[in-house]
Amino acid sequence: MTDDLAAHVAAALDVAVVAGDVALGHFRHLDRLTVERKGVQDLVSEADRETERTIKQRLASLFPDDAFVGEETGADGLAEAGRGVWVVDPIDGTQPFLLGLPSWCVSIAYVRDGATQVGVVRNPVTGDTYAARRGGGASVNGRPMHVLEVTALDQGLTGLGCSPRTRPADLGRMAEELLSAGGMYHRTGSGALSLAYVAAGQLIGYVETYINAWDCLAALLLVEEAGGRACPFLADNGVTGSGRVVAAAPGVYDALDALLTGGSHRA
Ligand code: LIP
């Protein structure tokens, strides 16, 4: 690993903790927040914006030549080709956050040379930090983590994500097919955190028909480096795009990919 990438790993870990503490401060005083409604079931508050500003400012001071994509501030510096790009969701799981529920996280990905090189997902409420660098493995709180060794959908819980951007009929079909196969669904309201649970060997997989790059790029690397399989989300959608996502333990990836696409595969 080059020194430059080591510096990016160290920075992502440090900034995730600092920014997580900013978000946690707001989480402890939700009554002081003004909540804005971006759309149906789509909320935002100053907590999201302040946390993202903290991340962007700190990373820009350390790596002024890197570009930045954030859920709240958008894309900055993407015009110049060949630059590394930070892809950030300051609070993934905004709705659980605003309701005082613990299932939210800070998600920081670093993308360069057409691949996610560093991924960090931090849940400040539990204090858990999930991290990976490409080719270097994945860890939770510094300890190696690995996906589950499963071969069928009835051998654990599957994360099903949904949002106002997803079709209710798709969720209904996926839930019916999953339960019919003896599986069971789980939802946190944070795609990044649910994907981190796949990497940590707690969920067997995660699917969602429509998710943003900032929600999932960091955690998809976690899954890959923990021995799992992940869809080519970055190749399909880029650092600013959205699309469907599937990531899982290898033994159930094809079954969950079929669940997502409505194809037929039994595991
Ligand atoms: C969340 C996503 C999740 C989706 C939620 C929500 P946000 O992102 O990470 O996958 O199911 O509805 O969109 O809006 O909390 O940053």
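In listed order, ligands and their atoms are each counted from 1. Count residues from 1 along the sequence. Below, all heavy atoms of this structure are taken into account, side chains as well, without hydrogens, waters or symmetry copies.
Scanning the protein heavy atoms around atom 14 (O) of ligand 1, the nearest turns out to be Glu71 OE2, 3.8 Å. Counting protein heavy atoms only, atom 8 (O) of ligand 1 is closest to Asp92 OD1, 3.0 Å. Given atom 4 (C) of ligand 1, the protein heavy atom at minimum distance is Glu208 OE2, 3.4 Å. At the top of the distance list for atom 13 (O) of ligand 1, counting protein heavy atoms only, stands Arg165 NH2, 2.9 Å. For atom 3 (C) of ligand 1, the nearest protein heavy atom (residue, atom name, distance) is Gly191 N, 3.4 Å. Nearest protein neighbour of atom 6 (C) of ligand 1, counting heavy atoms only, is Gly189 O, 3.9 Å. Taking atom 16 (O) of ligand 1 as the reference point, the nearest protein heavy-atom neighbour is Asp89 OD2, 2.9 Å.
Summarising the geometry, atom SG belonging to Cys162 is positioned 4.0 Å from atom CZ belonging to Arg187; distances are rounded to the nearest 0.5 Å. With values rounded to the nearest 0.5 angstrom, Gln202 atom CD is found 9.5 Å from Met145 atom CE. Here the straight-line distance linking atom CG of Asp66 with atom NE2 of His8 works out to 3.5 Å at 0.5 Å rounding.
At least one heavy atom of Tyr206 sits under 4.0 Å from some atom of ligand 1. Ligand 1 has at least one atom lying under 4.0 Å from a heavy atom of Ile91. Under a 4.0 Å heavy-atom criterion, Arg187 is in contact with ligand 1.
Residue Phe63 qualifies as enclosed at atom CZ: its count of foreign heavy atoms under 6.0 Å is above 12. Counting heavy atoms of neighbouring residues, nucleotides and ligands inside a 6.0 Å radius, atom CZ of Arg58 does not exceed 12 of them.
Among Cys162, Cys216, Ala192, the residue whose heavy atom lies closest to atom 11 (O) of ligand 1 is Cys162.
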Check step by step if side chain to side chain donor-acceptor pair (under 3.5 Å) holds for Arg244 and Thr209.
CA-CA 4 Å; Arg244 65 187 189 198; Thr209 57; over 6 Å; no
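Residues Glu208 and Tyr210 bring no donor and acceptor atom of their side chains to less than 3.5 Å of each other. Side-chain N/O atoms of Asp92 and Ser107 include no donor and acceptor closer than 3.5 Å.
Checking only distances, Gly93 does come within under 3.5 Å of ligand 1, N or O to N or O. Close N/O approach between Ser190 and ligand 1 is not found [any backbone or side-chain N/O within under 3.5 Å].
When each atom of ligand 1 is checked for a heavy atom of Ser163 under 4.0 Å away, the hits are 12 (O). With ligand atoms numbered from 1 in the order given, ligand 1 contributes 10 (O) to contacts under 4.0 Å with heavy atoms of Ile211.
Nearest approach of Thr94 to Ile91, heavy atoms of both residues: OG1-O, 3.1 Å. In this structure, Leu153 and Ile204 approach most closely via the heavy-atom pair O-CD1, 3.7 Å.
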